Amino acid sequence: MPAGGREIKTIELPLVGGPAFTLAIVGIGVWAGYVFQLNKDQWTMLLIGLGATFGFALIGFLDDWNKVYSKEGLSERAKFGGVFLVSATAAVLYFFLVSTGQESYSFYKDLPILNTLLSNPGCAADTTCRVHPGQFAFYGWLIFLVLMTGFVGSFTSVAVDFSDGLDGLAGGLVFSASLALGIVVTGLIDPRHPLGIVFEILALLCAGSTLGYLPWNWPSSWAARHRTAKRSAKIIMGDCGALALGGMMAIIAIFSRNELLLLLLGGAFVLEGLSALIQSRVLTRFFRRSLTTLRFANTDEFVPHTEFPLPFLATPLHHHFDLLGWDRRRLVYGAWALGACFAALGVMSGLSTFTWERYLARILVLILALAIWTSGSWTKCYFVGKHPAERSRSRRLALYYGYPYRIMGVRLYHLVEVIEASENVIETPAEELALWQRMTIYDARSMLGLYCYRAGYYPAALAQWTRIPERNRVLRPEVTRLLFEVDERLALEKQETQPMRRDQLIPQEPILSGNLPPADLPNPHEPIRSDETAGILAGPWESLKSTHSYPINNEELEDLDEDDEEAQIITAPLGSSTHRESEPNGHNGQNGQKSQNLSDTSDASLSGNGTQQTSTPSRWFTRLFRSSSK
């Protein structure tokens with residue numbers, strides 16, 4: 001959702017996880033080299049891997065630094081160019097400094113066109129082909145190795161960076177993928193492959209660093225929009241850690257000649273990266289230039305990309321399910337399980353001795369990836385139906401997402417919310433036919449608001465329609481017309497001589513600054529709470545109310561003089577009770593704490609009802625002593 005002009009201060013985010021475990025990887029890696037008594041060639045390979053990891057981390061650190069102090073990170077071209085340069089440099093060093101760097105191998109050298117560029121005619125039947133200076137294959141393999149390492153390293157590091165959108169998500173996925181990569185590399189630890197021990201050290205360093213980092217970034221159900229749970233994460237890896245881990249896995253896979261296996265081991269990263277690339281960089285731009293939506297062809301209004309037939313609600317992929325209202329902790333746990341499945345199938349494909357087992361593992365990976373990818377298309381569409389779906393005496397209208405079907409008793413839909421209006425508000429056969437038909441969330445909100453308006457639940461209708469972003473609401477002029485009519489009806493119910501405009505009741509895209517929770521705009525995909533239909537200013541705009549002048553804790557009361565203290569205590573109960581009624585479910589954690597402190601003060605000061613309330617004994621004893629002394 002757009003931030004509405006507000007500013008998020010990145011300087012207060014604890015972006016220390018990436019630099020911390022990057023330094024730990026480099027330090028422990030050098031220590032492990034001494035412990036295992038590596039030879040010169042092995043030391044060279046180890047330093048190349050650690051140096052590339054540090055280079056990736058440096059690019060991410062510069063991005064985080066600019067975000068903190070310049071409020072905007074590196075551009076996409078600068079970031080991609082930086083990680084590509086680090087990957088290409090590692091490939092050049094590997095080619096000239098490591099003995100196995102000047103060996104082209106299958107399956108690249110066996111391809112119809114590349115075989116003349118990457119290998120000599122005398123080693124066509126071998127799995128590897130040694131190239132020598134002066135030969136055409138020497139320069140061909142050098143260029144191919146640099147390009148392959150540059151693109152694979154860049155895409156892998158950026159894909160891990162994309163997956164770092166929820167607490168613990170990227171760390172858990174990297175742990176399973178790097179551990180599986182280490183299991184596959186164990187087959188290279190023999191005298192015929194002297195560099196196998198180096199790749200094993202690097203893979204275990206990658207897995208161990210994320211394992212040590214995860215307790216400090218453990219997932220939770222916390223979300224800044226509604227603050228209904230406590231956040232468990234204490235530190236964040238940032239771009240520094242994400243680029244370092246992704247680039248490190250790419251370097252291990254390429255130089256151990258398992259870059260194709262990395263697609264299977266890191267299937268979750270492939271889905272994250274492809275979702276962002278295809279939807280944001282390909283489909284959205286293509287639709288913007290070439291797609292004409294006939295429904296809005298006769299309007300001159302700007303058509304936002306959310307009206308396009310895109311495969312997901314948002315990208316990267318995990319944001320799609322987050323918008324659907326999935327519990328974030330369960331979402332991360334499910335992603336970890338998905339990453340573990342990809343890793344297990346990748347290990348099966350890499351270590352199986354039979355060809356049919358390897359192909360079976362690859363087919364299963366493809367089926368799993370297609371299932372996850374297609375889940376976005378059937379979950380992003382909503383429909384309005386009746387609840388319960390089975391026939392009963394009186395049913396209410398409800399919002400669902402998915403498909404309005406059951407297969408062998410398994411539901412292909414999910415209930416989002418049930419509105420106040422019943423099925424009796426449906427008047428025409430066309431409206432009856434419109435039920436159970438898949439549509440966008442904005443059309444579904446428009447329909448639900450109409451039924452609430454028809455049933456007389458005007459605050460509920462207003463809550464439905466205001467969930468639609470302004471850019472999408474402009475394309476539906478009938479909703480705008482009904483909004484003004486609701487404004488007039490609400491004004492009449494309040495017995496006002498002049499009807500108030502809607503922009504006076506609800507602030508339009510409030511401009512806030514500071515490190516505040518991003519709840520200034522509602523999420524149309526989340527269910528509407530009961531407090532949003534109780535009053536006009538309830539819901540996401542509750543934190544925009546004017547600040548109270550009364551104190552919020554006992555320490556401030558003690559700092560006030562005697563006259564001001566008495567005045568503040570008298571006015572505290574009114575503001576406290578209002579605040580408690582407006583936030584029954586603890587929408588904002590900070591405001592909830594203030595409300596709790598105010599409730600203690602108000603309960604202690606209410607004595608007109610004839611009930612004795614208790615509070616802090618020492619404070620009341622001090623006030624009583626002051627009154628007696630007067």
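None of these values were measured; they are calculated from a predicted model.
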S.K.: Do the ring centers of W378 and W373 come within less than 6.0 Å of each other?
M.R.: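 That pair fails the under 6.0 Å test.
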
S.K.: Closer than 4.0 angstrom, basic N to acidic O: yes or no for D167 and R329?
M.R.: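 Looking at R329 together with D167, the answer is no, because their closest N to O distance does not fall below 4.0 Å.
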
S.K.: If you measure only the distance, is there a donor-acceptor pair under 3.5 Å linking the side chains of H319 and D322?
M.R.: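 There is no such pair between these side chains.
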
S.K.: Under the 3.5 angstrom rule, does the side chain of S275 hit a backbone N or O of L317 as a donor-acceptor pair?
M.R.: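 Yes; at least one donor-acceptor contact below 3.5 Å.
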
S.K.: Can you sort out the partners of Y105 under ring pair (Phe, Tyr, Trp, His ring centres under 6.0 Å), two or more places apart, ordered by chain and number?
M.R.: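 If we apply the ring pair (Phe, Tyr, Trp, His ring centres under 6.0 Å) test to Y105, skipping adjacent residues, the hits are Y108, W141.
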
S.K.: Is the shortest heavy-atom distance from the side chain of F199 to the side chain of M45 under 4.5 Å?
M.R.: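 Yes - at least one pair of side-chain heavy atoms lies under 4.5 Å apart.
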
S.K.: Does Y359 have any side chain to side chain donor-acceptor pair (under 3.5 Å) partners at least two apart in sequence or in another chain, and if so, which?
M.R.: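 Here no residue qualifies.
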
S.K.: Does the pair F312 and F321 meet the rule for a ring pair (Phe, Tyr, Trp, His ring centres under 6.0 Å), with working shown?
M.R.: CA-CA 9 Å; F312 306 105; F321 298 100; 7.8 Å; no

S.K.: Answer yes or no: is there a side-chain heavy-atom contact under 4.5 Å between Y413 and T379?
M.R.: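 With C-beta onward as the side chain, the pair stays apart.
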
S.K.: State whether Y403 and R438 meet the cation-pi test: NZ (Lys) or CZ (Arg) under 6.0 Å from the six-membered ring centroid, and within 45° of the perpendicular axis.
M.R.: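 Geometry flag: set, cation within 6.0 Å and 45°.
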
S.K.: Check whether any side-chain N or O of K380 sits under 3.5 Å from a backbone N or O of L310 as a donor-acceptor pair, and report yes or no.
M.R.: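 Yes; at least one donor-acceptor contact below 3.5 Å.
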
S.K.: Assign the ring pair F255 / Y94 to parallel, tilted or perpendicular, where the plane angle (0 to 90°) is split at 30° and 60°.
M.R.: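 The rings of F255 and Y94 lie parallel, inter-plane angle below 30°.
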
S.K.: Can you find a heavy atom in the side chain of I252 that is under 4.5 Å from one in the side chain of M248?
M.R.: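 A side-chain contact exists here, since the closest heavy-atom pair is under 4.5 Å.
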
